[in-house]
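As structure tokens, the structure follows; a few thoughts come after it.
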Amino acid sequence: MTETFGRDADHLVRLWLRAGSLERSGRADAAAEAWKCLALAARDLLANGPQTTPVRRARALAEELLTEPGRAAEVSARLIEAVAGLRAAGDEADAQSEAQARSEAGRFLLGVLAVLVLGGSVLFFSRFYEPLRMAHTRADMAEVAAFLVKAGQGAPSLEQLTANGCSECPCRGRGPVGAMPRGDICRTNWDKALREAYRAVHGGEPAGPHGEDLIPSSWKRDGWGGPYLLDENAGTLRSAGPDGIPGNADDLVLMLRQQ
């Protein structure tokens with residue numbers, strides 16, 4: 001992207017922070033006007049951009065921010081991430097840009113977070129970054145669920161596919177799953193389930209010609225670092241959510257079995 005685009009993207013981040021600050025201070029009318037200003041500025045910035053999938057997605061988020069004021073915090077956070085990815089990734093082919101944009105956006109937003117640490121605004125930034133992790137986790141869960149359903153089509157049941165009746169059961173009642181060490185049964189059960197599903201779908205091990213793991217890393221852990229949780233008997237896929245503790249109100253759950 002051009003230097004001008006970079007400056008404008010930084011301006012959007014400042015608008016985003018201002019809107020969130022106004023909302024946090026209880027100035028709802030001023031915050032609503034600030035969210036609208038952010039959406040219009042983003043729409044203008046993206047108007048003449050290339051017709052790539054990431055640019056179209058960012059435009060759609062700008063329009064959503066204008067039409068869905070009740071979801072301003074979530075939508076604006078996703079919009080800022082999308083624009084941050086464009087700022088860093090440049091005008092590349094869709095497939096490559098899509099993967100690189102998320103990675104570069106993460107680095108860019110970590111830079112913003114570092115600045116906010118110095119300014120004492122960590123809690124504010126965390127509040128508005130949380131919807132990004134939530135949105136990514138929901139999207140990744142949908143992909144994983146579809147993959148598990150596809151894998152299960154060749155087996156009588158999920159239990160037979162993974163050779164486990166409840167992969168998530170050892171994770172329950174032990175505190176945050178994201179804090180469990182590598183090698184813990186809670187983590188290894190999920191990794192094993194993913195490998196078995198990969199073998200069922202692709203007919204081979206999830207390893208490339210140079211030994212690289214072919215299972216997407218975003219399928220292995222949710223947005224808070226915990227393993228996804230599979231209950232084969234119940235036919236559910238779960239993220240333990242922000243607090244990392246399975247079975248409470250902040251969990252994200254998808255049904256895998258058709259009713």
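Sequence positions, counted from 1, serve as the residue numbers for this chain.
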Pairing of Asp231 and Arg172 as salt bridge, 4.0 angstrom limit:
yes
Quick one: does any side-chain atom of Arg59 pair with a main-chain N or O of Leu46 as donor and acceptor, under 3.5 Å?
yes
Starting at CG of Leu148, measure out to CG of Leu194 and round the result to the nearest 0.5 Å.
7.0 Å
For the residue pair Pro246 and Cys171, what are the closest heavy atoms and their distance?
CG-O, 3.9 Å
Just do the salt bridge (Lys or Arg N to Asp or Glu O under 4.0 Å) check on Asp222 and Arg238 with the steps written out, would you?
CA-CA 10 Å; Asp222 65 17; Arg238 179 187 307 270; over 6 Å; no
Can you confirm whether Lys36 is buried at NZ, in the sense that more than 12 heavy atoms of other residues, nucleotides or ligands lie under 6.0 Å from that atom?
no
Determine the minimum heavy-atom distance between Gly226 and Val177, stating which atoms define it.
CA-CG2, 4.0 Å
Tell me if the CG atom of Asp29 is crowded by more than 12 foreign heavy atoms within 6.0 Å.
no
Do Asp251 side-chain atoms and Gly247 backbone N/O form a donor-acceptor pair below 3.5 Å?
yes
Find the distance between CG (Asp213) and CZ (Arg195) and round it off to the nearest 0.5 Å.
9.0 Å
Sub-4.5 Å side-chain heavy-atom contact between Val253 and Leu237
no
Could you check whether any side-chain heavy atom of Trp16 comes within less than 4.5 Å of a side-chain heavy atom of Leu12, counting everything from C-beta outward?
no
Looking at Met134, Met141, Arg138, which hits side chain to side chain contact (heavy atoms under 4.5 Å, CB included) with Ser239?
Met141
Output yes when a side-chain donor or acceptor of Arg187 lies under 3.5 Å from a complementary backbone atom of Gly178, and no otherwise.
yes
Could you state the interatomic distance from CG (Asp191) to CZ (Arg182), rounded to the nearest 0.5 Å?
9.5 Å
Answer yes or no: is there a side-chain heavy-atom contact under 4.5 Å between Tyr228 and Thr137?
yes
Nearest-0.5 Å distance, OG1 of residue Thr188 to CG of residue Asp184:
7.0 Å
Are Val55 and Leu66 co-members of a hydrophobic cluster defined by side-chain heavy atoms under 4.5 Å apart?
no
Polar side-chain atom of Glu212 near backbone of His210 as donor-acceptor pair, under 3.5 Å
yes
Taking side chain as C-beta onward, heavy atoms only, is Leu256 less than 4.5 Å from Leu158?
yes
How long is the span from the CH2 atom in Trp35 to the CG atom in Leu40, to the nearest 0.5 Å?
14.0 Å
With distance as the sole criterion, is a donor-acceptor pair present between the side chains of Glu232 and Ser157 under 3.5 Å?
no
Atom SG in Cys186, atom CG in Leu229: separation rounded to 0.5 Å?
5.5 Å
Heavy-atom distance under 4.5 Å between the side chains of His136 and Ser218, does that happen here?
no
Where is the tightest heavy-atom contact between Lys220 and Ile215, given as atom of each residue plus distance?
CE-O, 3.8 Å
Shortest non-hydrogen contact from Glu159 toward Gly165
CG-CA, 3.9 Å
Give a yes or no on whether Trp224 and Ile245 share a hydrophobic cluster (residues Ile, Leu, Val, Met, Phe, Trp, Tyr; joining criterion: side-chain heavy atoms under 4.5 Å apart).
no
Measure across Ser167 and Thr162 and return the closest heavy-atom pair with its distance rounded to 0.1 Å.
OG-OG1, 4.5 Å
Side chains of Thr236 and Leu230: does their closest heavy-atom pair fall under 4.5 Å?
no
If I compare all heavy atoms of Ala240 with all of Asp250, which pair ends up nearest, and what's the gap?
O-OD1, 3.2 Å
Aromatic rings Phe147 and Trp219: how do their planes relate, parallel, tilted or perpendicular, breaks at 30° and 60°?
tilted
Check whether any side-chain heavy atom of Ser76 sits under 4.5 Å from a side-chain heavy atom of Leu38, and report yes or no.
yes
If you define the side chain from C-beta out and look only at heavy atoms, does anything of Lys192 sit under 4.5 Å from Glu196?
yes
Does the Arg174 side chain pair with the main chain of Pro170, one donor and one acceptor, at a distance under 3.5 Å?
yes
